[in-house]
Amino acid sequence: MSTNTVDKERKVTTSRLIEMKRRGEKIAMLTAYDYSMAKLIDEAGIDVILVGDSASNVMAGNMTTLPITLDQMIYHAKSVIKGTSRALVVCDMPFGTYQGNPLEALASAVRIMKESHAEAVKIEGGSDIRESIERILSAGIPVMGHLGLTPQSINKFGTYAVRAKEEAEAQKLIEDAKMLEEIGCFAMVLEKIPATLAARVASEVSIPVIGIGAGGGVDGQVLVMHDMLGINKGFSPKFLRRYADLSSVINDAVGAYIDDVKTGDFPNATEQY
Ligand code: KIV
């Protein structure tokens with residue numbers, strides 16, 4: 001059972017996250033893609049639920065995040081929203097729905113907000129997509145940035161290795177992070193970059209920096225729920241801490257059910273009408 005002391009009643013908003021950073025209170029974020037899991041993690045007190053495009057991997061079984069569509073993200077976000085009452089729900093903008101031009105980006109973000117009722121969008125990239133982010137912000141839609149390892153660019157990177165180890169890439173990341181703050185993003189994710197660089201960014205911007213594989217010097221952490229609960233055991237990066245072994249729990253439970261059905265033990269006299 002969790003011993004955290006977070007206020008489990010008060011609704012989390014984008015401005016509350018900024019307040020949390022000012023107070024030095026860490027932000028806990030997890031992904032979810034469906035009603036039942038969103039309800040469980042919301043009741044446990046999670047601050048932010050990310051309807052990540054990692055749904056493409058863990059829900060749909062794709063190798064990358066690229067194939068998931070806007071309709072599919074809206075379907076997942078709609079289900080998550082129904083299970084959530086306290087956490088802030090942020091929905092990823094999928095690959096190919098914002099890079100073309102700012103009007104296309106706005107139309108995609110508007111569809112997410114209108115059809116799913118998510119409360120903010122997350123978008124991967126820096127200066128290359130500045131106009132798209134500004135256009136979305138101009139419609140009153142809160143935007144969370146995402147820099148460092150941006151999985152939608154895997155075909156450009158060619159690897160999921162740590163980003164921004166070289167000075168030039170680190171410098172560009174710092175500039176992009178400051179740009180995201182300046183144009184009005186309410187937070188950003190920094191994925192898989194050196195801890196010292198992430199801590200530097202967090203200390204130089206006033207908006208919350210949520211890390212994944214970016215060390216402890218940032219304002220909060222995010223993990224993919226299936227990884228941290230041990231549902232997906234095939235993925236074991238150094239930054240991942242597993243909090244449960246649900247694949248064994250499920251395997252044992254399903255094995256016991258199969259045995260009971262095969263032996264005729266289930267259902268028994270009290271489990272029938
Ligand atoms: O899609 C996702 O789950 C993400 C997190 C890894 C930050 O973008």
Side-chain angles (χ1 to χ4, degrees), residues 17 26-34 37-38 41 46-70 72-77 79-80 87-99 108-109 112 116 118 120-126 129 133 142-154 157 160-164 173 176-177 180 185-193 198 201-202 207-215 218-229 231-232 234-242:
L17 293 179
K26 297 272 188 183
I27 297 163
M29 170 162 138
L30 275 179
T31 64
Y33 318 98
D34 67 79
M37 294 305 273
I41 66 173
I46 200 76
D47 297 311
V48 184
I49 297 181
L50 172 66
V51 185
D53 59 357
S54 49
S56 178
N57 307 103
V58 298
M59 301 301 285
N62 294 313
M63 292 294 287
T64 72
T65 57
L66 275 69
I68 200 158
T69 65
L70 187 57
Q72 288 166 336
M73 288 304 295
I74 290 170
Y75 165 81
H76 286 297
S79 313
V80 165
L88 178 81
V89 177
V90 181
C91 180
D92 255 337
M93 295 196 60
F95 176 68
T97 65
Y98 58 89
Q99 294 94 339
S108 305
I112 290 174
S116 76
V121 297
K122 177 165 81 57
I123 183 163
E124 292 184 8
I129 54 156
I133 299 176
V143 176
M144 175 181 274
H146 184 155
L147 301 172
L149 176 64
T150 46
Q152 291 176 13
S153 302
I154 183 60
F157 297 149
Y160 287 103
V162 178
R163 303 302 313 174
L173 187 141
D176 281 343
L180 293 177
C185 289
F186 72 92
M188 75 187 79
V189 166
L190 293 183
E191 180 164 353
K192 227 170 169 188
I193 62 168
V201 172
I207 57 174
V209 173
I210 316 287
I212 173 163
V218 290
D219 307 303
Q221 298 293 327
V222 57
L223 286 175
V224 169
M225 186 182 54
H226 287 61
D227 300 336
M228 61 84 77
L229 290 180
I231 296 171
N232 170 24
F235 180 67
S236 301
K238 181 178 175 186
F239 68 77
L240 176 63
R241 187 179 294 181
R242 280 197 212 289

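Whatever order the structure lists them in is the order used to number ligands and atoms, beginning at 1. As the structure is a prediction and not an experimental result, all values here were calculated from the model. Note that these values count all heavy atoms, side chains included, but never hydrogens, waters or copies made by symmetry.
Checked by atom type, the side-chain pair Ser56/Asn62 shows a donor-acceptor distance below 3.5 Å. Donor-acceptor pairing under 3.5 Å is lacking for the side chains of Arg163 and Thr150.
Few gaps surround OH on Tyr160; more than 12 heavy atoms of other groups in view lie less than 6.0 Å from it.
Between His76 and Tyr33, the two ring planes are perpendicular [angle over 60°; tilted spans 30° to 60°].
At least one donor-acceptor pair closer than 3.5 Å links the side chain of Gln152 to the backbone N or O of Met93.
In this structure, Leu17 CG and Ile210 CD1 are separated by 6.5 Å, a value rounded to the nearest 0.5 Å.
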For ligand 1, list every N/O pair with the protein closer than 3.5 Å, one pair per line with the distance.
from, atom 1, to, atom 2, distance (Å)
ligand 1, 1 (O), Asp53, N, 3.2
ligand 1, 1 (O), Asp53, OD1, 3.0
ligand 1, 1 (O), Ser54, N, 3.0
ligand 1, 1 (O), Ser54, OG, 3.3
ligand 1, 1 (O), Asp92, OD2, 3.1
ligand 1, 3 (O), Ser54, OG, 2.5
ligand 1, 8 (O), Lys122, NZ, 2.9

